[in-house]
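Structure first, then comments.
Numbers here simply count residues along the sequence, with the first being 1. This is a predicted model, so every value here is computed, not measured.
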Amino acid sequence: MNKTFTPGHSLLAPLRPLDISERPIRHDIILSESETRAVVARAKQLGVSLSALFKAANGLAQLKLNPVPPREDIYFPLHVCNVSPERYLKPSVNPKTYFTSSLSLMPLRLHMAEPLRKGSEKATLIMTTKRIQEQFDKYLPNPCIPLASSILARQSLSRTDQKATPDTNLPMLPWRCDFEYLGVVESRMSTRQGCIIIDNVCITLRTTTVMSVRSWTIHRKLHFQVEGAAAWGDEFLKSMLKETIRIGLLVVNDGEL
């Protein structure tokens with residue numbers, strides 16, 4: 001049986017060569033409390049999570065910065081989507097009292113042919129978000145989801161067609177951007193220790209060809225951070241962060257779809 005090949009979308013490799021010895025670049029943008037309330041309320045009204053909303057926005061930002069020909073179907077392999085398996089912990093375990101990984105992965109895939117045919121950027125965002133939320137709703141109740149990380153990692157390591165980067169001898173992955181919403185910081189740690197108040201957190205992960213856009217909520221404000229290798233260039237990293245936020249906030253704009 002013949003199957004039509006649908007390419008996975010990624011970003012164009014930068015012209016600057018990758019040098020993992022260079023310090024990564026990070027930029028942050030913080031929404032106001034009023035902006036955060038508005039986007040949270042709208043997400044609840046749509047029946048979607050902030051994770052699904054801004055993961056969709058980030059995918060559309062990648063399309064904005066690396067467009068595809070009209071009417072061509074492409075998909076985003078979203079298998080790096082992190083979810084918390086804390087619901088499977090025993091009642092006696094308090095997540096705030098231990099330090100260990102509480103993330104697992106979901107094997108998501110998002111086809112974009114139909115959303116891209118929508119008449120407006122806002123309508124495309126909402127359809128894309130709901131497609132991602134549908135996959136969240138499918139996988140999250142599965143009791144085997146905490147085991148997904150090991151399976152996906154094994155599949156990745158078994159690939160023999162990946163070239164190695166010259167400076168690390170690690171597999172050369174596609175140049176891409178991943179998005180993760182990490183939740184409410186106060187649900188995982190106390191932000192007040194006596195007279196000391198934690199205003200924010202900083203997250204870093206040295207990567208090669210993968211740019212990361214992360215988001216979390218602390219003190220009722222949504223925080224966004226982009227981080228990537230210096231090879232991406234300062235302006236491109238800023239553009240990815242700003243486009244992700246701009247597109248995500250379309251849901252709170254007035255106007256018809």
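One hydrophobic cluster holds both V39 and L46 under the rule that ILVMFWY side chains link at heavy-atom gaps under 4.5 Å. A continuous path of Ile, Leu, Val, Met, Phe, Trp and Tyr side chains, each step under 4.5 Å between heavy atoms, connects I25 with F236, placing both in one hydrophobic cluster. In the hydrophobic clustering of this structure, Y139 groups with Y181; members are Ile, Leu, Val, Met, Phe, Trp, Tyr whose side-chain heavy atoms approach within less than 4.5 Å, directly or through other members. Under the 4.5 Å side-chain heavy-atom criterion for Ile, Leu, Val, Met, Phe, Trp and Tyr, I30 and V213 are members of distinct hydrophobic clusters.
Taking a 6.0 Å sphere around CZ of R246, one finds it holds more than 12 heavy atoms contributed by other residues, nucleotides or ligands.
A donor-acceptor pair shorter than 3.5 Å can be found between the side chains of H223 and N200. In summary, the side chains of N66 and W175 do not present any donor paired with an acceptor at a separation below 3.5 Å, with no hydrogens or angles considered. Side-chain contact, S32 with E35: a donor N or O sits under 3.5 Å from an acceptor N or O.
By the 4.5 Å heavy-atom criterion applied to side chains, T209 and L11 are not counted as neighbours. Residues V40 and T217 fail the side-chain proximity criterion, which asks for heavy atoms closer than 4.5 Å. The closest side-chain heavy-atom distance from Q225 to C202 is below 4.5 Å. In this structure the side chain of R220 never reaches within 4.5 angstrom of the side chain of T36, judged on heavy atoms. Counting heavy atoms from C-beta on, the side chains of T191 and V185 come closer than 4.5 Å. Within the 4.5 Å cutoff, the side chain of M211 has heavy atoms near those of the L237 side chain. The side-chain heavy atoms of L222 and S215, taken from C-beta on, include a pair separated by under 4.5 Å. Using a 4.5 Å heavy-atom cutoff, the side chains of E121 and I247 are in contact.
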Are R26 and D28 close enough, and set up right, to give a salt bridge (Lys or Arg N to Asp or Glu O under 4.0 Å), and what steps lead you there?
CA-CA 7 Å; R26 286 196 301 271; D28 297 84; 5.5 Å; no

I'd like to know whether N58 forms a side chain to side chain donor-acceptor pair (under 3.5 Å) with T244, so could you lay out the CA-CA distance, the side-chain angles of the two residues, the decisive distance to 0.1 Å, and finally the verdict.
CA-CA 5 Å; N58 179 251; T244 297; 3.1 Å; yes

Give the intermediate values and the outcome of side chain to side chain contact (heavy atoms under 4.5 Å, CB included) for residues W216 and V184.
CA-CA 6 Å; W216 58 89; V184 180; over 6 Å; no

Worked check of side chain to side chain contact (heavy atoms under 4.5 Å, CB included) between E186 and H219:
CA-CA 8 Å; E186 286 89 344; H219 299 306; 3.6 Å; yes

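For the pair R214 (side chain) and I203 (backbone), a donor-acceptor distance under 3.5 Å is present. Between the S49 side chain and the A52 main chain, a donor and an acceptor come within less than 3.5 Å of each other. Side chain of K55 to backbone of F179: a donor-acceptor contact under 3.5 angstrom is found.
Note that OG1 of T129 and CG of L125 are 4.0 Å apart. Values are rounded to the nearest 0.5 Å. One finds the CG atom of L50 at 9.0 Å from the NZ atom of K44 (value rounded to the nearest 0.5 Å). The OG1 atom of T128 sits 10.5 Å away from atom CG of L53, with the distance rounded to the nearest 0.5 Å. Atom CD of residue Q133 and atom OG of residue S51 lie 8.0 Å apart, to the nearest 0.5 angstrom. The CG atom of L63 lies 11.0 Å from the CD atom of E243; values are rounded to the nearest 0.5 Å. Taken to the nearest 0.5 Å, the CG atom of D199 stands 9.0 Å off from the NZ atom of K221.
In terms of heavy-atom proximity, M240 sits nearest to C177 at CG-SG, 3.9 Å. Of all heavy-atom pairs between A57 and G248, the closest is CB-N, 3.5 Å. In plain terms, the two heavy atoms of W232 and V210 that are nearest each other are NE1-C, 4.3 Å.
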